[in-house]
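All remarks here apply to the structure that follows.
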Amino acid sequence: MAKFRSGFSGTVLRFSLYSLVFLLLLSAPITPKDRSKTKNLPKVSLEKKTLKRKPLHKTTVKEISSKSASSKKNTLLKAPVRKITVVMESHPPFCYIENPPRLVTESEFKNSILKKIKEKHNRDFLLSFYHLDRKSGKYSLSGNADKASIEKTKDILFQAGLLKITGFEIELSKAVFSSLGIEPQYKMYPWARCIEMMKSGSADAILTIFKNSQRMKYLYYPSEFTVDEPNTLFKLKESNITFDGDLKKLKKYVIGVITSTSYGENFDRASYLRKEEVPYTESVISLVEKKRVNLGAGSLSLLKYLMKQKGIAGKFTLLKPNLSQDHLYIAFSKARKQKQLSMEFSEKLSRFKKTDKFKKILKKYGVTVS
């Protein structure tokens, strides 16, 4: 016992004994009586932590959801606008070039207009109708310019990118393309060239065109059309030619038509008719006016527009019945593989035609639908 209490060996023995007792105490189960003394602290601490984490977790979910929605919104806003080329004939039905400015500053006329016109004869033409007023320092369009000169001025300025084309078909197509996230680039060419561009895939869409079996070989037609458009024959007022709908009675006459243009299946297939082809509707009108052909054929609305603009409407008679009255379409190039776009355009167009905006466009341009 003395050894246990003193000396090195006693110290070691005491340490070993105390360690064993301590380990036994740690491993001993806590009795209900002991547990009641200590149960509050751990539980209170854990409950506090749990309470703090629950609202924190909910907030995190909301934040993630909010960030996700914001990210989607930003993605949509930043989505690149797709551009496509839409070709059309000069002065297509229901479409018009804006009027030329009647008054421009000297600087605008020289730097913004003349410099953008490459052809010297076109610059000379404009200089013959725009005159500088020394007092105001502005160029004004001469009041002596006739309607034909104004139309030519419009064409020159349009080709130079200084005037925009507007009208029913333009506003309609722009609205529908916009809903698809597409920005159309409108280009005007002779009709035959427009057709060739659609065949070759040099353009995405053509505005506006009738449907026939031949064109369906290289064009996708939407199931939804834009409007109905009549084709008609016309003559000089003094002409005694009559038309009752029987094309065979016109075999002895020469009829002016536009190259690659459809005037309805019956007229298109009438190979017995003598047809004089020219590139523009204006050219057809000129042929009839100068008596180089007996009759002319064309889109009713386009003929009325051009004749009125040129101040020669009183010279002609529009014949009844019409050659045809078919649906007009905005069609898409098969060579450019635009089948999907044709289907999407059709769906959007169908919805748009039920809106008040569509009705307003109809009213604005005086277009009637059957």
Exercise. How many angstroms lie between CD1 in I182 and CZ in F345, if you round to the nearest 0.5 Å?
Worked result: 9.0 Å
Problem set entry | Axial cation check for Y220 ring with K334, 6.0 Å and 45° limits | yes
Problem set entry | Y186: ring pair (Phe, Tyr, Trp, His ring centres under 6.0 Å) partners, not counting sequence neighbours | none
Exercise. Backbone N or O of I258 within a donor-acceptor pair of the W191 side chain at under 3.5 Å?
Worked result: no
Exercise. Do L127 and F109 have side chains that get closer than 4.5 Å, going by heavy atoms?
Worked result: yes
Problem set entry | Y189 OH to M197 CE distance, which is reported to the nearest 0.5 Å | 4.5 Å
Exercise. Has K320 got its NZ or CZ under 6.0 Å from the middle of the six-membered ring of F243, at an angle within 45 degrees of the ring axis?
Worked result: no
Exercise. Do D204 and Q338 have side-chain N/O donor and acceptor atoms under 3.5 Å apart?
Worked result: yes
Problem set entry | Hphob cluster co-occupancy, M343 + M198, side-chain heavy atoms under 4.5 angstrom | no
Exercise. Under a 4.5 Å side-chain heavy-atom rule over Ile, Leu, Val, Met, Phe, Trp and Tyr, are Y280 and I195 clustered together?
Worked result: no
Exercise. Heavy atoms, side chains only, cut-off 4.5 Å: are K199 and K217 in contact?
Worked result: no
Problem set entry | Side-chain donor or acceptor of S324 paired with backbone N/O of D326 under 3.5 Å | no
Exercise. Any luck finding a side-chain donor-acceptor pair between T226 and T208 under 3.5 Å?
Worked result: no
Exercise. Between E265 and R269, is there a side-chain N and carboxylate O pair less than 4.0 Å apart?
Worked result: yes
Exercise. Strictly under 6.0 Å, is that where the ring centroids of Y221 and Y329 end up?
Worked result: yes
Exercise. Cluster question for you: counting only ILVMFWY and a side-chain heavy-atom cut-off of under 4.5 Å, with indirect links fine, are M216 and I330 together?
Worked result: yes
For this session: Return yes if a side-chain donor-acceptor contact under 3.5 Å exists between S299 and E229, otherwise no.
Result: yes
Exercise. Roughly how far, to the nearest 0.5 Å, is CZ of R193 from OG of S260?
Worked result: 13.5 Å
Exercise. Between N322 (side chain) and Q325 (backbone), is there a donor-acceptor pair under 3.5 Å?
Worked result: no
Exercise. Excluding sequence neighbours, so at least two apart, what forms salt bridge (charged side-chain N to carboxylate O under 4.0 Å, His left out) with R292?
Worked result: none
Exercise. So, T105 and S107: side-chain donor and acceptor under 3.5 Å apart, yes or no?
Worked result: no
For this session: Establish whether L300 and M307 are linked, either directly or via other cluster members, by ILVMFWY side-chain heavy-atom contacts under 4.5 Å.
Result: yes
Exercise. Centre of F225's six-membered ring, under 6.0 Å away, within 45 degrees of the axis: is that where NZ or CZ of K353 sits?
Worked result: yes
